[in-house]
> 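Pasting a structure here, questions to come.
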Amino acid sequence: MMTNEEARSRIELLTRELNDHNYRYYVLSGPVISDYDFDMLLEELDALEKAFPQYALPDSPTRRVGGDITKDFIQTPHEYPMLSLSNTYSEAELTDFHNRVVKQTGEDVEYVCELKYDGVSISLTYRDGLLQSAVTRGDGAKGDDVTANVKTIRSIPLRLKGNYPSGFVIRGEIFIPLDAFRRINEERVASGEAPFANPRNAASGSIKMQDSSAVAGRPLDCFLYLLLGNGLPHDNHYDNMMAARKWGFKVPPYIAKCSALQEVIDFIHEWDTGRKELPFEIDGVVVKVNNYQQQEELGSTAKSPRWAIAYKYKAERAVTKLLSVDFQVGRTGAVTPVANLEPVFLAGTTVKRASLHNADIIQTLDIRINDRVYVEKGGEIIPKIVGVDPEGRTDDSMPFTYLVNCPECGTKLIRKPGEAIYYCPNENNCPPQIRGKVEHFISRNAMDIDSLGEGKIALLFEKGIIADPADLFDLRYEDLMGIEKTIEASGDKTERRIGFREKTVENILKGIEEAKKQPFEKVLFALGIRYVGQTVAKKLAQQFRNIDHLMAAGYDELIGVDEIGERIAESLLGYFSVSANRHRIDRLRKAGLRLELEETAKPLSDALKGKTIVASGRLEKFSRDEIHRLIEQHGGKPSSAVSKKTGLLIAGENIGPNKLAKALEWGVPVISEEEFLALINYPEG
Ligand code: IVH
């Protein structure tokens, strides 16, 4: 056992070392130990902090995983108001800005150019080197205290290094890199949630979540770009930012000092092309007067400082003709209008289709067929229509009405209160929805049947061989052998034949068989219940242990579980109330899928340790499998044959006479079911 003193110093050392590794990994992007070694040290620290909570430090890296739940964020005033920047879109306006600055200061000015990161701004307060609070911008005078969430962002230091001032405020932008953004959206779509429209929404949604451990799972990052305080080491912005980098902050390298307006313009041009290669989104360049004294002289308006300006890049935009509108029904039943356009070249690719968002926007923008429309490409996955060219409207312009019935199955569409999207409620019969259900069911994070893919599933659907995930488990060799079809590969016009030959069929059947080994939580996720993503499925599996308990749970019981809110509870209740869904679950159960948690974990007791135990005859309370599991849970080894080594025989009704005789012969104790239960302290009733 460790002494208190040993624990305290080990905790201190581990905290310091782990924070340093975090810094090297997340700020410098140059780790010096493996992820595995890092995790081992973190686990050690975590265990020590649990045993000696009095020594846990405020900057402990174990806090990065979150855990605190905030129901309502506390409104906190900003010590320095959080202003915004005035925008310009042209070099002429930029020149105006420069002329004003020169005139008002009467001096030469030096500028600092930075990129304008497109995320959510955050204000961090540090005192004596420790992160005190993190507050969102809010209305500029006060914002939400999101400290618990921000502490999960690994690139934000909890404790500073080097020679930092005792108290100061530092501001920056929290964002989600593009590849991580795409990944989150894929996961959201897979769990039936609406994808985020762009990385900025993803970042701001993440930072306002109530459960900080969920925030810890979001790939947030943070660039810092402004320091405020009395004891800053230098008299200018640039040098202070460089100092902040030494204290451990992620001050981005995309920063330049410019002593002439032309240099500023060059910087802007350079990044207009350069931004396309960046792994995150920017929407412009920020130009700041470097010298603090000059900044002060220039002052601020109520909204923005006069010493800085944002030059915004124009989103790339093209004009083209709207030919027609398709309505697509997704896996979740959400109906999305998609515009078919006269092909137009935009930012490197030819655009033929664009999102029309939803009914509200179509109405607001008054978009009509044959109109000339503006198309923009932002961070979104497909380009969007942002407006109509009023000049371009001709006689053949044709208003179109939103669908009333599902284009796939004819069911009347519904619109949920407060949501702009229409849904087809016919989730168990509408073709794209049921096909989507199967696609989701077999997907990598669900049942992971990789011998089946979207193409094969589509074919099985078309041939009427499957119409439900549960049908997969009834498939026989004869059902699959020999079916084939020529399909048009997505995207281009090349054709591909897919046919099921011997090897393919064997692989498919093997994959389906393997899927029966997937744990309960995966099966639960695979069902595709709206809002039940991987994390929620795991939580539900742990909490309810098996599907029957989950199906029996009422509203209150559901929302009583951490992280399960009204939305999820209602979705679960709705799902289980549909008989087709219950029937599917029954069929999956019969097929042998795991609908309960594996209880391989720790034994409940060691009351039966080392004993081989046989149960024979009909028991009153348990099936054979159940009693075997119970024996294992208490450290015993179930067996079906009585031998010299048998430690106990549980005798049920109509016990086999041979077994009983053998037990008597070998002197094996024979006990009743009731006595057995007493032995393991099984709760009565
Ligand atoms: S300086 C007083 N620098 O743009 C202005 N802001 O419209 C202080 N932003 O709220 C902000 N990149 O969220 C500054 N390099 C940068 C920035 C930046 C993005 C955001 C920030 C701010 C908004 C202003």
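Index from 1, following the sequence. Numbering of ligands and ligand atoms starts at 1, following listing order.
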> Only counting residues at least two apart or in another chain, list the ones meeting ring pair (Phe, Tyr, Trp, His ring centres under 6.0 Å) with Y254.
W271, F280

> Between F168 and Y126, how do the two ring planes meet: parallel, tilted or perpendicular, split at 30° and 60°?
parallel

> Measuring centre to centre across the rings, with the benzene-like ring taken for any Trp, is F175 within less than 6.0 Å of F223?
yes

> Under the salt bridge (charged side-chain N to carboxylate O under 4.0 Å, His left out) rule, collect the residues that match up with R306, sequence neighbours excluded.
none

> Applying side chain to side chain donor-acceptor pair (under 3.5 Å) as the test, list every pair that has at least one member in residues 335-347; sequence neighbours left out.
S324-N340, D326-N340, N340-R353

> Could you tell me whether R393 and D366 make a salt bridge, using a distance below 4.0 angstrom between a side-chain N and a carboxylate O?
yes

> Are there any protein N or O atoms under 3.5 Å from the N or O atoms of ligand 1? List them with distances, or say none.
{"from": "ligand 1", "atom 1": "3 (N)", "to": "K288", "atom 2": "NZ", "distance (Å)": "3.0"}
{"from": "ligand 1", "atom 1": "4 (O)", "to": "K116", "atom 2": "NZ", "distance (Å)": "3.3"}
{"from": "ligand 1", "atom 1": "7 (O)", "to": "L85", "atom 2": "N", "distance (Å)": "3.3"}
{"from": "ligand 1", "atom 1": "10 (O)", "to": "R137", "atom 2": "NH1", "distance (Å)": "3.2"}
{"from": "ligand 1", "atom 1": "12 (N)", "to": "Y117", "atom 2": "N", "distance (Å)": "3.0"}
{"from": "ligand 1", "atom 1": "13 (O)", "to": "S121", "atom 2": "OG", "distance (Å)": "3.4"}
{"from": "ligand 1", "atom 1": "13 (O)", "to": "E173", "atom 2": "OE1", "distance (Å)": "2.6"}
{"from": "ligand 1", "atom 1": "13 (O)", "to": "E173", "atom 2": "OE2", "distance (Å)": "3.4"}
{"from": "ligand 1", "atom 1": "13 (O)", "to": "Y225", "atom 2": "OH", "distance (Å)": "3.1"}
{"from": "ligand 1", "atom 1": "15 (N)", "to": "E114", "atom 2": "OE1", "distance (Å)": "2.8"}
{"from": "ligand 1", "atom 1": "15 (N)", "to": "L115", "atom 2": "O", "distance (Å)": "3.0"}

